[in-house]
Amino acid sequence: MTEQKQIYRCNVCGNIVEVLHAGVGQLVCCGQPMELLTEKTEDVGLEKHVPTIEKVGNKAKVKVGSIPHPMEQKHYIEWIEIITDDGTCRKFLKPGDKPEAEFEITAEKIEAREYCSIHGLWKTK
Ligand SMILES: [Fe+2]
């Protein structure tokens with residue numbers, strides 16, 4: 001059984017998928033069940049991953065890490081997304097980019113998620 005917005009990863013080939021419509025089946029890739037990624041909300045250690053949102057008017061700027069997260073070839077923030085009651089808006093990043101993204105958003109209640117290529121899925125508290 002899946003739930004909308006859950007994110008699953010194949011630990012064999014690296015495929016990552018998001019559930020848009022929940023179903024009763026188990027997600028399988030490369031012949032084995034995909035891993036459900038859990039959203040972490042507490043930083044531990046030196047690396048900072050929990051996203052923060054600065055909202056000014058209709059703009060929401062999401063930054064990853066009180067100390068900016070590395071954006072290196074093998075270790076970087078792959079995407080940042082904003083989640084509202086109406087849906088999700090996502091921006092994909094590349095190594096060398098800043099670990100932040102800006103969104104036009106009118107909703108009051110917003111959350112942010114981000115995915116680090118090494119440390120996985122993170123969410124605002
Ligand atoms: Fe990381």
Side-chain angles (χ1 to χ4, degrees):
M1 182 79 194
T2 59
E3 290 175 27
Q4 194 180 49
K5 297 183 203 153
Q6 283 181 330
I7 294 179
Y8 286 81
R9 176 176 58 206
C10 171
N11 290 322
V12 177
C13 76
N15 267 335
I16 296 178
V17 300
E18 180 175 6
V19 176
L20 300 181
H21 183 110
V24 293
Q26 182 178 48
L27 299 183
V28 172
C29 186
C30 296
Q32 54 180 258
M34 297 184 82
E35 180 192 356
L36 170 63
L37 300 183
T38 50
E39 299 152 335
K40 292 169 269 191
T41 57
E42 297 274 350
D43 276 313
V44 281
L46 286 178
E47 297 273 328
K48 302 297 177 214
H49 291 90
V50 174
T52 57
I53 303 171
E54 287 168 25
K55 200 160 183 296
V56 181
N58 283 352
K59 292 208 179 287
K61 188 178 215 176
V62 181
K63 290 184 175 179
V64 178
S66 46
I67 303 162
H69 185 277
M71 292 297 281
E72 297 155 3
Q73 207 61 38
K74 290 190 171 162
H75 182 201
Y76 68 103
I77 304 304
E78 294 192 22
W79 77 79
I80 296 175
E81 65 185 9
I82 283 273
I83 301 169
T84 70
D85 290 338
D86 297 331
T88 301
C89 190
R90 178 181 304 119
K91 294 209 171 153
F92 291 97
L93 304 178
K94 302 182 295 301
D97 288 345
K98 282 186 171 180
E100 59 188 50
E102 205 166 84
F103 302 85
E104 291 244 353
I105 214 97
T106 51
E108 282 302 313
K109 192 174 153 239
I110 55 176
E111 290 182 314
R113 286 199 299 194
E114 63 92 351
Y115 181 79
C116 166
S117 58
I118 292 184
H119 301 102
L121 191 61
W122 298 77
K123 189 177 136 181
T124 43
K125 287 183 191 177

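When a ligand or atom number is given, it counts from 1 through the structure's own listing order.
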Before moving on, can you tell me the angle at the Fe ion (ligand 1) between the NE2 atom of His69 and the SG atom of Cys116, to the nearest 10 degrees?
100°

Please report the interatomic distance OG1(Thr41) to CD(Glu111), rounded to the nearest 0.5 Å.
10.5 Å

Strictly distance-based, threshold 3.5 Å: is any side-chain N or O of Thr88 a donor or acceptor partner for the main-chain N or O of Ile83?
no

Atom name, His49 (N, O or S, nearest to the Fe ion (ligand 1)):
NE2

Count the heavy atoms of every other residue, nucleotide or ligand shown that sit under 6.0 Å from NZ of Lys59, and state whether that count exceeds 12.
no

What N/O/S atom of His119 is the closest to the Fe ion (ligand 1)?
ND1

Between Arg113 and Glu81, is there a salt bridge with N-O shorter than 4.0 Å?
yes

